[in-house]
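Okay, structure first, notes after.
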Amino acid sequence: MAAPLRIQSDWAQALRKDEGEAWLSCHPPGKPTLYGSLTCQGTGLDGIPEVTASEGFIVNEINKKSIHISCPKENASSKFLAPYTNFSRIHTKSITCLDISSGGGLGVSSSADGSMKIWQASNGELRRVLEGHVFDVNCCRFFPSGLVVLSGGMDAQLKIWSAEDASCVVTFKGHKGGILDTAIVDRGRNVVSGSRDGTVRLWDCGRSACLGVIADCGSSINGVAVGAADNSINLGSPEHTPSEREVGTESKMLLLAREDKKLQCLGLQSRQPDGNIYQLDVRSPRAPVQVIHRSGAPVLSLLKFKDGFVASQGDGSCFIIQQDLDYVIELTGADCDPVYKVATWEKQIYTCCRDGLVRRYQLSDL
């Protein structure tokens, strides 16, 4: 992986004025960091600044919201994208999780201030406040319908809400520790939760009942994901006939990110482990296909995006890597504050951060 480039978080504002400057840096692994700067030489008739880079860096392209920089010596190249807009009035403190509805119209987010809110995705205007959890809400997501929200909190409760009237329609109890992540199976008849108590549970939404403990790991489950498996992966057979209330669990793989630094895979229906997977090709789990190292900060969010992925880290970095691009797209704006979660809808990307802001990026601005 090429050396990561960094840029001043508010570069787009800094370079709007004549002789405005923004700093740059390149961090080659095992070598001294290269430092540089960008300087605005004026603004064109189209409103786009004319920017020059200091020695060692090249400005390949610039428009109002993005700038493409290269460091030829280290064969590094990144396109930096500034937020299209910031939503600052949704929460008063750090925003820990967010999601966007399937139609792109609504957002839901939870905060360290203990609140969970539904808002208009276009402008951040508040629509509903979802009240009922005790203590912090750790995770929230829309069901595929976009009309219902699933949340999990430090109160060890899993809740389902109506996005239309903010009522809590179902509460699941059974975990002994805070719920850290959730996943929805198919259209949402069943959901999965992972907890600090080390267990993963499968729930029946229609009857508000636990269908079983899928795994008991003895270590906090920080993340859960459900995906379809192809025929090359043997997910095992269930020891007992699955409940008729299990819908859509067949041929599904459950991936668990554990606090003890293991990534575990199971057959969702069979409950059978498929071994520890360290990265990415489940047919050959012992060696990574690729290790991508951007910084030493923890990866807080990872989301499939087109033919690549978007990831966020604890040092404020958030980036997109795609197979067909020879440069990295960096989503700027957070100044060293952790970016906890990323959500996408069509050509828009939303992030939530410890600084209390939801940022919306337009990929059309590239």
Side-chain angles (χ1 to χ4, degrees), residues 87 89-93 95-175 178-195 200-211 224-226 243 245-249 303 340-346 348 350-352 358 360:
F87 301 147
R89 297 183 179 180
I90 300 173
H91 295 283
T92 58
K93 291 184 179 179
I95 303 172
T96 53
C97 191
L98 92 167
D99 193 25
I100 303 298
S101 65
S102 54
L106 295 175
V108 62
S109 55
S110 58
S111 168
D113 63 14
S115 69
M116 180 167 48
K117 298 179 179 180
I118 293 174
W119 36 273
Q120 202 72 30
S122 59
N123 58 15
E125 183 180 334
L126 186 63
R127 287 286 179 232
R128 300 281 183 268
V129 178
L130 307 180
E131 297 180 305
H133 277 289
V134 184
F135 312 125
D136 288 0
V137 182
N138 292 326
C139 48
C140 55
R141 68 172 69 239
F142 282 100
F143 277 76
S145 67
L147 302 175
V148 184
V149 170
L150 176 68
S151 67
M154 288 303 293
D155 56 7
Q157 296 183 56
L158 194 67
K159 289 179 177 286
I160 296 176
W161 311 78
S162 164
E164 297 176 304
D165 64 9
S167 62
C168 177
V169 292
V170 174
T171 297
F172 301 112
K173 296 181 180 180
H175 280 295
I179 295 168
L180 301 178
D181 200 13
T182 62
I184 294 171
V185 182
D186 279 355
R187 302 301 299 170
R189 296 268 296 275
N190 297 159
V191 298
V192 176
S193 59
S195 167
V200 179
R201 291 175 178 259
L202 180 69
W203 305 87
D204 172 13
C205 295
R207 291 186 179 170
S208 312
C210 180
L211 292 171
V224 298
V226 172
S243 164
R245 302 296 298 179
E246 275 194 38
V247 181
T249 58
L303 187 65
Y340 291 117
K341 197 78 173 180
V342 179
T344 63
W345 184 75
E346 293 188 346
Q348 299 177 63
Y350 295 77
T351 65
C352 65
V358 170
R360 177 162 67 99

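Note that these values count all heavy atoms, side chains included, but never hydrogens, waters or copies made by symmetry.
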Discussion item. Among residues at least two apart in sequence or on other chains, which ones pass salt bridge (Lys or Arg N to Asp or Glu O under 4.0 Å) with Asp204?
Written reply: Arg245
Practice prompt. Measure the shortest side-chain to side-chain distance between Leu147 and Glu164 over non-hydrogen atoms and say whether it is less than 4.5 angstrom.
Written response: yes
Worksheet, complete the sentence: Asp165 meets the side chain to side chain donor-acceptor pair (under 3.5 Å) criterion, sequence neighbours left out, with Ser162, Ser167
Item to complete: Please list, chain by chain and in numerical order, all residues satisfying side chain to side chain donor-acceptor pair (under 3.5 Å) with Ser145, sequence neighbours excluded.
Response: none
Worksheet item: Looking at residues at least two apart in the chain, or sitting in another chain, which of them share a salt bridge (Lys or Arg N to Asp or Glu O under 4.0 Å) with Arg128?
Response: none
Item to complete: Would you please name every residue forming a salt bridge (Lys or Arg N to Asp or Glu O under 4.0 Å) with Arg189, sequence neighbours left out?
Response: none
Item to complete: Locate the shortest heavy-atom distance separating Trp203 from Ser193; write the atom from each residue and the value.
Response: NE1-OG, 2.8 Å
Worksheet item: Going by atom types alone, do Glu246 and Thr249 pair a side-chain donor with an acceptor below 3.5 Å?
Response: yes
Discussion item. So, using side-chain contact (heavy atoms from CB on, under 4.5 Å) as the criterion, who are the partners of Glu131 when residues are at least two apart?
Written reply: Val129
Discussion item. Can you tell me how far apart CG (Leu130) and CD1 (Ile118) are? Round to the nearest 0.5 Å.
Written reply: 4.5 Å
Discussion item. Pair Thr182, Val191 - check side-chain contact (heavy atoms from CB on, under 4.5 Å), show working.
Written reply: CA-CA 7 Å; Thr182 62; Val191 298; over 6 Å; no
Fill in: Pairs where residues 137-156 contributes a residue and the test salt bridge (charged side-chain N to carboxylate O under 4.0 Å, His left out) is met, not counting sequence neighbours
Arg141-Asp181
Worksheet item: Are side-chain heavy atoms of Ile179 and Asn138 found at a separation under 4.5 Å?
Response: no
Worksheet entry | Partner residues of Phe143 under the ring-ring contact (aromatic ring centres under 6.0 Å, His included) criterion, sequence neighbours left out | none
Item to complete: State, without any angle test, whether Lys159 and Thr171 hold a side-chain donor-acceptor pair at a distance under 3.5 Å.
Response: yes
Discussion item. To the closest 0.5 Å, what do you measure between CG (Leu98) and SG (Cys139)?
Written reply: 12.5 Å
Discussion item. The criterion is side-chain contact (heavy atoms from CB on, under 4.5 Å); which residues satisfy it with Ser102, sequence neighbours excluded?
Written reply: none
Worksheet item: Which heavy-atom pair separates Arg360 from Ser122 by the least distance, and what is that distance?
Response: NH2-O, 3.0 Å
Fill in: Side-chain touch Ile184/Pro144, heavy atoms, less than 4.5 angstrom
yes
Worksheet entry | Closest non-hydrogen atom pair between Ala156 and His175, with its separation | CB-O, 3.5 Å
Discussion item. Test your reading of the model: is there a side-chain donor-acceptor pair from Asn190 to the backbone of Val247, 3.5 Å cut-off?
Written reply: yes
Fill in: Closest contact, heavy atoms only, Ala163 versus Gly146
CB-O, 4.4 Å
Practice prompt. Using a 4.5 Å cut-off on heavy atoms from C-beta on, say whether the side chain of Tyr350 contacts that of Val342.
Written response: no
Worksheet entry | Side-chain heavy atoms of Val192 within contact of Val226, under 4.5 Å | yes
Fill in: Pairs satisfying side-chain hydrogen bond (donor to acceptor under 3.5 Å, both in side chains), at least one member in residues 106-116, at least two apart
His91-Ser109, His91-Ser115, Thr92-Asp113, Thr96-Ser110, Ser109-Trp119, Ser111-Asp113, Asp113-Ser115
Worksheet item: How long is the gap from CG on Leu180 to CE on Met154, to the nearest 0.5 Å?
Response: 7.0 Å
Worksheet item: Measuring from Leu126:CG to Gln120:CD, what's the distance to the nearest 0.5 Å?
Response: 10.5 Å
Worksheet entry | Residues forming a side chain to side chain donor-acceptor pair (under 3.5 Å) with Tyr340, sequence neighbours excluded | none
Item to complete: Can you measure from CG (Leu106) to CD (Glu125) and round to the nearest 0.5 angstrom?
Response: 11.0 Å
Worksheet item: With sequence neighbours excluded, what pairs up with Asp136 under the salt bridge (Lys or Arg N to Asp or Glu O under 4.0 Å) test?
Response: none
Worksheet item: When rounded to the nearest 0.5 angstrom, what is the spacing between CD in Gln157 and SG in Cys168?
Response: 8.0 Å
Fill in: Non-hydrogen atoms of Ser151 and Trp161 that approach each other most closely
OG-NE1, 2.8 Å
Discussion item. I need the minimum non-hydrogen distance between Cys205 and Ile160, along with the two atoms involved.
Written reply: SG-CD1, 3.7 Å
